[in-house]
Amino acid sequence: MSGTGPPQRFISGVVEGFYGRPWTMEQRTQLFKREQTWGLNTYLYAPKDDYKHRMYWRDLYSAEEGEQLKALISAAHQHDVEFIYALSPGLDITFSNPKEVSALQRKLDQVQGFGCRSFSLLFDDIEAEMCPADREAFSSFAHAQVAVTNQVYLHLGQPNTFLFCPTDYCAAFCTPSVSQSAYLLTVGGGLLPGIDVLWTGPKVVSHVISVESIDEVTSVLKRAPVIWDNIHANDYDPQRLFMGPFKDRPSALIPKLRGVLTNPNCEFHPNFVAIHTLATWCRSVPSAGDTGEEDQSYSPQKALSLALTDWLQVFLNPDQPGGPQKKGSPDEEAMQTDVGVYVPGPGDHPLYTAEPLTLADLNLLSELFYLPYEYGPRARSMLQQLDWLRAHSTAAAADNDQSAEWHSQAQAFDQMCEAVVQMFTRLSNAPNRRILYDLYDYICDIKSGVGLARAHIKTLGGCGARPSAQVLNLDPEPWGFRGGLSGEIQRMLPCHGNRDLFRTPPMTAVYTVRPLRPDDTVTVQRIFKEMQREEGGGATTLQPLMSDGLFSGGPLASGPCALVLEDEEGLCGYALGLPDASHAPPNTQRALWDSLSAVYPSLITMQLLPRVTDPAPATRMIGCLLSSLKSCGSRGAFCELRPNDRRMLDFYTKLGSFKTLPLAGAPQEVIALGTSL
């Protein structure tokens, strides 16, 4: 450090450094008030999408923009918050060009004129290639950055706080290691002592920051780093939000650091927890027994509880920005002048009364949207419960102790899902609407996902519709699946999902379509009988088609017109076809079949066990069967169904190629569908 001026305080606070829509001036002012209340002292202005911070860094601010920055800097100072203005020229600066350095100085001089006294130069997230002119002037990229940074620092009068963000700002970027990084060694040896260095830890988003890792980088940089902490950042994934506590940074780090700044969620209001718990961590004083492995002076769970308790009051306070009008306000009285208060009569529906948001709701919210490397306890429990119920779904239909246990676990899972729905409802009715609007997309998404899982478990347990009646939906509503181009691209890539936080997730089922073998006969007949019972029992004209004689030596004994579907548990479906239905054994429907033979000579039947919920393998199997029949010379094929077999009726109908066939004299319980080949 420079050794001049007042003693330097531990830097603690917030960096607005994410990619996305910057916070508003009103939100930043609210942040300063909270920082002052909670004992934090710094705000680093570095929004990536402020054009004049990064892309057009040379451009001076207009008069209007200047007034806004003046007001913001003044508001920070009024709340004892140090305002650090950051500039990010690394995209296209020519370090060796004096005009470029002058443009950099001119821009920071302007901001200094607005009342700013603390500055930062950021060289993160840029290409490390120098232009030809810089290669002639400097020995390395680090040398170029250090030279210009020192020059600007001296030009500004050696500010008491001046931060430098290196291009290699985490251990993962250092080659071959932190201690041997030529880039960091140049930075540490070349930067003037009064310039502090930003560092994110082992990774860009560091799971754990250990005392040992900080000791190592401090030795190389020749100064204690300022942590730019991305543990609550979410600008890399629009489906994630983080409201867990500041953790896995032992308080033993505090005396070894120059400071800590959190770069939190893009959404302003959900950052209450991230910033509040950081403040609690900064106030913790490491005890002599703290080794960094087990923190004795800071409890993440206690810090989270304190933060959520305070946040609940903000949620429920109608005086907060975005809250509803108070009862009895002049506007409300004007609206009520000509309209009396409605009172429902004895037989009327009672008025809806919103239940108030509770601390338990916010605890659940935090656990569902916890941290990048872990879910909260109840989120983990839901995943474990869902995985167990899927893995043991065969026990649901049994009549034994295993069935009782399965249904007990299913009920517990359903109660967890219901808690999420109730949390959503109470959040939706909370007085402070601005917080809700920041959360709304995320809580809608989790409510939808939980609803899909809840319905699936009820299907496995036989609640509501019979499993066989659950349609193989080829055309679901958009909310029935998770779509988007990015999601589909990821699902096509190898090892997608291998970094899921739930390490043993239910994997996507793998199905195999293959020809029927003689040893499959018993299983296929069992599937036929099981699904016949599911459909209500009773005789069926397809029973002769499933006879032993037809399998042993008959047209279904082998070949391309007899297929089975197999998953990891074994056979789960079949598709059988007779190229010429006249070869079927005599039965009561023979005359009806013969009436179709001119256009649809082939007879097919397909059935699937209830555990097959994906229509894709069924579509593939029936496609293979129809292709085989066409190769055998068939012009068309038909199938016979019963009205209560809603699952297969829906499947064939939505394939688009099958149509209902008129059957003169056929009983009402017979439906024929046919397709041309």
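Basis for what follows: all heavy atoms, side chains included, without hydrogens, waters or symmetry-related copies.
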Given side chain to side chain contact (heavy atoms under 4.5 Å, CB included), test D80 with E35 step by step and report yes or no.
CA-CA 9 Å; D80 197 27; E35 286 196 87; over 6 Å; no
For residues [X] and [Y], determine if any side-chain heavy atom of one lies less than 4.5 Å from a side-chain heavy atom of the other.
{"X": "Y373", "Y": "V205", "value": "yes"}
{"X": "Y442", "Y": "L368", "value": "no"}
{"X": "P372", "Y": "I231", "value": "yes"}
{"X": "S366", "Y": "L308", "value": "yes"}
{"X": "V273", "Y": "L304", "value": "yes"}
{"X": "Y45", "Y": "D50", "value": "yes"}
{"X": "M25", "Y": "L72", "value": "yes"}
{"X": "C572", "Y": "R611", "value": "yes"}

Applying side-chain contact (heavy atoms from CB on, under 4.5 Å), name anything that partners S403, two or more places apart in sequence or on another chain.
A398, N400, H407
Spacing of [X] atom [atom1] and [Y] atom [atom2] [to the nearest 0.5 Å]:
{"X": "D387", "Y": "R390", "atom1": "CG", "atom2": "CZ", "result": "7.5 Å"}
{"X": "M382", "Y": "C417", "atom1": "CE", "atom2": "SG", "result": "4.0 Å"}
{"X": "T218", "Y": "L257", "atom1": "OG1", "atom2": "CG", "result": "7.0 Å"}
{"X": "R647", "Y": "L608", "atom1": "CZ", "atom2": "CG", "result": "5.5 Å"}
{"X": "S120", "Y": "D196", "atom1": "OG", "atom2": "CG", "result": "10.0 Å"}
{"X": "H79", "Y": "T37", "atom1": "NE2", "atom2": "OG1", "result": "7.5 Å"}

Distance-minimising heavy-atom pair for [X] and [Y]:
{"X": "D614", "Y": "P617", "answer": "O-CD, 3.2 Å"}
{"X": "P270", "Y": "N265", "answer": "O-ND2, 4.3 Å"}
{"X": "V14", "Y": "P264", "answer": "CG1-CD, 4.1 Å"}
{"X": "V220", "Y": "L184", "answer": "CG1-CB, 3.7 Å"}
{"X": "D237", "Y": "R240", "answer": "OD2-NE, 2.8 Å"}
{"X": "P245", "Y": "L371", "answer": "O-CD1, 3.6 Å"}

With under 30° as parallel and over 60° as perpendicular, where do the rings of Y440 and F424 fit, or are they tilted in between?
tilted
Is it true that W23 and F18 have ring centroids separated by less than 6.0 Å?
yes
Between W38 and H276, is the ring centroid distance below 6.0 Å?
yes
Do side-chain atoms of [X] reach the backbone of [Y] as a donor and acceptor pair under 3.5 angstrom?
{"X": "S448", "Y": "D445", "value": "no"}
{"X": "N263", "Y": "A233", "value": "no"}
{"X": "Q313", "Y": "D310", "value": "no"}
{"X": "T200", "Y": "W228", "value": "no"}
{"X": "R380", "Y": "R378", "value": "no"}
{"X": "T309", "Y": "S305", "value": "yes"}
{"X": "S408", "Y": "A404", "value": "no"}
{"X": "K447", "Y": "V421", "value": "no"}

R433 and D438: salt bridge (charged side-chain N to carboxylate O under 4.0 Å, His left out), yes or no, with the steps?
CA-CA 9 Å; R433 311 307 289 170; D438 272 359; over 6 Å; no
May I ask you to check whether [X] and [Y] show a side-chain donor-acceptor distance below 3.5 Å?
{"X": "D361", "Y": "T358", "answer": "yes"}
{"X": "E26", "Y": "Q30", "answer": "no"}
{"X": "E82", "Y": "T161", "answer": "yes"}
{"X": "Y375", "Y": "E367", "answer": "no"}
{"X": "H232", "Y": "N271", "answer": "no"}

Got a sec, which residues hit ring pair (Phe, Tyr, Trp, His ring centres under 6.0 Å) with F369, two or more places apart in sequence or on another chain?
none
Do NZ/NE/NH1/NH2 and the carboxylate oxygens of [X] and [Y] come within less than 4.0 Å?
{"X": "R21", "Y": "D235", "result": "no"}
{"X": "R249", "Y": "D229", "result": "yes"}
{"X": "E374", "Y": "K247", "result": "yes"}

From the list I214, L261, L198, side chain to side chain contact (heavy atoms under 4.5 Å, CB included) with I227 holds only for I214
Kindly check if the number of other-residue, nucleotide or ligand heavy atoms within 6.0 Å of CD (Q402) is above 12?
no
State whether the number of non-hydrogen atoms from other residues, nucleotides or ligands found under 6.0 Å of Q301 atom CD is greater than 12.
no
State which residues pass salt bridge (Lys or Arg N to Asp or Glu O under 4.0 Å) with E267; sequence neighbours excluded, sorted by chain then number.
none
Once ring pair (Phe, Tyr, Trp, His ring centres under 6.0 Å) is applied, what residue pairs with a partner in residues 236-260 remain, sequence neighbours excluded?
F246-W281
Only distances under 3.5 Å count here; give the side-chain donor-acceptor pairs of residues 409-416 to other protein atoms, sequence neighbours excluded, each with its distance to 0.1 Å.
from, atom 1, to, atom 2, distance (Å)
Q409, OE1, Q385, NE2, 2.7
D414, OD1, R454, NE, 2.7
D414, OD2, R454, NH2, 3.4

Could you go through the side chain to side chain contact (heavy atoms under 4.5 Å, CB included) check for L439 and L365 one step at a time?
CA-CA 10 Å; L439 294 171; L365 178 69; 4.0 Å; yes
May I have the list of side-chain donor-acceptor pairs in residues 164-171 shorter than 3.5 Å, sequence neighbours left out?
from, atom 1, to, atom 2, distance (Å)
T167, OG1, F123, O, 2.8
T167, OG1, Q145, NE2, 2.9
Y169, OH, D125, OD1, 2.8

Dump the intermediate steps for side chain to side chain contact (heavy atoms under 4.5 Å, CB included) on K458 and L460, then the final yes or no.
CA-CA 5 Å; K458 286 185 176 181; L460 293 179; over 6 Å; no
Side chain to side chain contact (heavy atoms under 4.5 Å, CB included) between V197 and V226, intermediate numbers included:
CA-CA 6 Å; V197 179; V226 176; over 6 Å; no
